[in-house]
Amino acid sequence: EKMAAAFQKAGIRTVRDLLYHFPRSYETFERPMTLSEARYRDYASISGVLTSQPVTRYAKRIKITEALAKDAAGAAFKAVWFNMPYLSKSLSAGTAYVFRGKFAGEGQSRRMIQPRLIRREEYEALEKTLRPVYTLPKGITEHTVQKALTQVFLSGAFPAETLSEALLRDYDLCPLSEALRLIHFPEDRGQFLKARKRLVFEEFYRFLLNIRAMKADLQKTPNSFVISRKKETDDLLSKLPYRLTGAQVKTLNEIRDNLSGDTVTNRLIQGDVGSGKTILCFLAMYEAALNGYESVLMAPTEVLAKQHYKTFRKLSETYGLGLRVSLLTGSMTAAEKRAVYEKISTHTTDILVGTHAVIQERSVYEDLALVITDEQHRFGVRQRELLKGKGQDPHMIVLSATPIPRTLGMILYGDMDISVIDELPKDRLPIKTALVDIEYRAKAYKFMAKQIGEGRQCYVICPLVEESEGANGENVKDYAKKLETALPKDVRIAVLHGRMKSEEKEAVMEDFAANRTQVLVSTTVIEVGIDVSNATVMLIENAERFGLAQLHQLRGRVGRGEHQSYCILVDTTCSEESKERLGILKSSSDGFKIASEDLRLRGPGDFFGVRQSGDVSFQLADIYQDAKILSQAEEAVKKTEAVTFTAETPVL
Ligand code: ADP
Ligand code: MG
């Protein structure tokens with residue numbers, strides 16, 4: 001029962017759930033190196049020999065075991081273990097091992113901490129393998145999962161094949177049962193890639209069939225809320241303290257044509273961070289109000305929702321527009337929420353701003369003509385159905401700051417019209433970007449301290465949440481502790497990551513937005529949903545792990561105010577490839593160009609980095625790395641044109 005409860009907590013109830021609980025990553029065993037090759041690395045596998053028998057001493061409550069070793073080139077180093085005194089007996093001087101572990105300390109005192117020692121012959125065998133690593137809740141071990149999976153594979157209780165034989169043949173895909181087995185138990189990289197290809201293809205194929213169905217549906221949907229152009233909108237435009245950029249003007253025209261046209265609007269607005277999407281939304285919502293309709297703007301976080309709310313109220317006040325703007329967030333009391341719902345259903349508000357979750361709960365409003373979602377996943381079929389089921393078909397606009405290359409965008413947003421704001425307002429100070437190695441860290445912390453001394457704030461991004469086996473890289477929790485000693489005492493440091501409850505996340509972001517904390521150490525969850533113009537430093541650890549488009553997105557969190565901003569990319573490999581790739585960020589600030597370069601440089605098969613999140617999220621697929629499979633799936637969907645769905649049609 002305990003076990004069942006633990007599995008349920010991970011969302012695993014059936015055999016299918018278990019099979020589709022894919023490994024988060026795979027531990028790989030790369031070619032061992034020498035110390036000098038590993039100079040710029042925090043983690044490495046070093047081929048060497050133990051030169052002294054490990055000795056254990058007792059310090060306070062910890063047992064410290066130490067040994068001396070030499071790498072293949074003869075360079076000496078020290079290995080240290082905590083609370084593992086038995087190693088003194090099980091390891092022996094003179095034996096050749098591969099030392100796998102993390103480095104700590106600088107210069108002379110640099111040593112390997114808690115390395116795993118694997119005999120050379122054993123390591124050679126491991127080099128060819130991939131060990132799956134799962135994200136698991138408390139109470140379930142990797143061993144439990146593997147045992148359960150083995151049972152399933154022995155029983156042969158697989159979900160039925162979902163793709164037709166023709167598809168499997170034409171695109172060289174393995175059957176579902178084989179793919180599911182190999183994704184969990186690959187013997188080598190080749191098997192893993194084979195399994196992955198099949199599963200990614202299916203994800204794309206299913207998605208694209210849905211898109212096609214949505215598109216067909218939308219093209220038939222008449223415009224039930226004709227929002228005609230009003231003179232007041234143009235008046236407001238002429239009063240703004242700045243002139244819209246050419247790209248903004250073009251996009252605004254496209255929106256207004258849509259809203260006043262014959263069929264319902266379904267438009268994606270893509271524009272780099274800071275390209276000025278918000279004002280366009282406001283103008284559209286104003287025009288809707290002038291036509292007697294309500295609008296909703298949904299933001300991914302409470303902090304952003306509040307920011308938009310303030311901006312809109314201020315615009316309305318400054319220009320005497322008389323708009324009624326309301327806010328709806330998860331942290332409001334039930335009574336407060338009810339009051340807002342009341343305003344909407346009685347149409348005593350014009351613009352509602354809120355978080356996605358809150359608004360989706362009850363979205364019935366007869367006069368709701370326009371729904372805008374900011375920086376969030378595209379609308380799925382389900383969400384659209386939800387809205388539709390509750391009233392008429394509102395116009396929908398989605399804002400995205402993810403610069404997806406045009407070719408990909410046309411496939412992924414095939415059901416939508418697309419506007420691209422490919423021009424930034426002229427007065428922006430470009431962000432200064434530096435690409436550094438791990439030796440630069442001390443300097444970076446000094447620089448951060450100086451910026452904080454001047455009243456600014458900093459972000460630090462790490463790829464991991466906490467120390468975990470099988471995944472090397474900096475983690476948020478330990479890094480925050482490290483910074484506490486590296487930065488002045490009065491600097492307040494907060495952590496943010498995806499495993500926190502959403503109220504906790506909101507509180508942390510709120511504190512940062514109000515400058516109650518000066519440093520925010522976070523995973524990529526901050527990618528969307530925070531807009532702090534006082535933050536001027538973005539330090540990204542293990543930058544080599546991230547996609548360029550994602551790094552660009554993260555960098556866009558700074559440089560939003562009047563102060564000069566900086567982005568420091570710490571590359572812990574310093575390989576030529578990664579220098580070339582990350583170098584693109586130094587030389588360009590054009591999101592679309594960066595995304596295209598990313599697509600060009602990232603080879604297929606490079607699946608062990610941090611996944612790009614972007615707008616469209618898939619379980620396994622990555623639109624950048626799997627661009628080729630995506631276009632194959634698109635082709636396959638085109639060929640599937642004639643299919644009419646019957647009871648026998650594979651479930652897709
Ligand atoms: P994003 O597209 O990232 O959502 P915002 O809409 O928040 O960007 O715009 C960023 C800032 O730029 C805002 O302060 C906004 O007032 C300002 N802005 C928008 N358009 C222009 C423009 N054409 N010229 C100058 N500043 C602009
Ligand atoms: Mg925005």
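Numbers here are sequence positions counted from 1. Remember, it's 1-based here, ligands and their atoms both numbered in the order they're listed.
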> Is atom CZ of R516 surrounded by more than 12 heavy atoms (other residues, nucleotides or ligands) closer than 6.0 Å?
yes

> Can you pull out the closest protein heavy atom to atom 12 (O) of ligand 1? Residue, atom name and distance to 0.1 Å, please.
R428 NH2, 2.6 Å

> Considering non-hydrogen atoms of the protein only, which is the closest contact for atom 2 (O) of ligand 1, and what is the distance?
K277 NZ, 2.8 Å

> For S275, counting its heavy atoms only, list the atoms of ligand 1 lying under 4.0 Å from any of them.
2 (O), 8 (O)

> So is G274 close enough to ligand 1, meaning a heavy atom under 4.0 angstrom away?
yes

> Closer than 4.0 angstrom, basic N to acidic O: yes or no for E423 and K250?
no

> Heavy-atom contacts with T245 under 4.0 Å: which atoms of ligand 1 show up? List them by number with element.
23 (N)

> Between P425, G561, G271, C281, flag the one that comes closest to atom 27 (C) of ligand 1 by a heavy atom.
P425

> Looking only at non-hydrogen atoms, find the nearest pair between L399 and C281 and report the distance.
CD1-SG, 3.4 Å

> Considering all protein heavy atoms, does one lie under 4.0 Å from atom 22 (C) of ligand 1?
yes

> Please identify which atoms of ligand 1 are closer than 4.0 Å to at least one heavy atom of T278.
4 (O), 5 (P), 6 (O), 7 (O)

> Hey, are N475 and H497 close enough side-chain-wise for a donor-acceptor pair under 3.5 Å?
no

> Go through it in stages, so that I can follow the logic: the residues are I279 and Y242, the test is side-chain contact (heavy atoms from CB on, under 4.5 Å), and I'd like the CA-CA distance, side-chain angles, deciding distance and then a yes or no.
CA-CA 11 Å; I279 189 67; Y242 48 79; 3.6 Å; yes

> Do I279 and ligand 1 have an N or O pair less than 3.5 Å apart?
no

> Between R267 and D257, is there a salt bridge with N-O shorter than 4.0 Å?
no

> What's the shortest distance from atom 9 (O) of ligand 1 to any protein heavy atom, and which residue and atom give it?
G276 CA, 3.6 Å

> Is it the case that over 12 heavy atoms from other parts of the model lie below 6.0 angstrom from the CZ atom of R492?
no

> Is a donor on one side and an acceptor on the other found under 3.5 Å between the side chain of S316 and the backbone of L323?
yes

> Strictly less than 4.0 Å: does any protein heavy-atom distance to atom 7 (O) of ligand 1 fall in that range?
yes

> When you check the gap from the basic side-chain N to the acidic O, do K593 and E597 get nearer than 4.0 Å?
no

> At under 4.0 Å between heavy atoms, which part of R243 makes contact with ligand 1: side chain, backbone, both or neither?
backbone

> Output yes when a side-chain donor or acceptor of D272 lies under 3.5 Å from a complementary backbone atom of G591, and no otherwise.
yes

> Pull out every atom of ligand 1 sitting under 4.0 Å from any heavy atom of Q248, numbered as shown with elements.
19 (C), 20 (N), 22 (C), 23 (N)

> Note the single closest protein heavy atom to atom 18 (N) of ligand 1, along with its residue, its atom name and the distance in Å.
Y242 CZ, 3.8 Å

> For A401, is the nearest heavy atom under 4.0 Å from an atom of ligand 1?
no

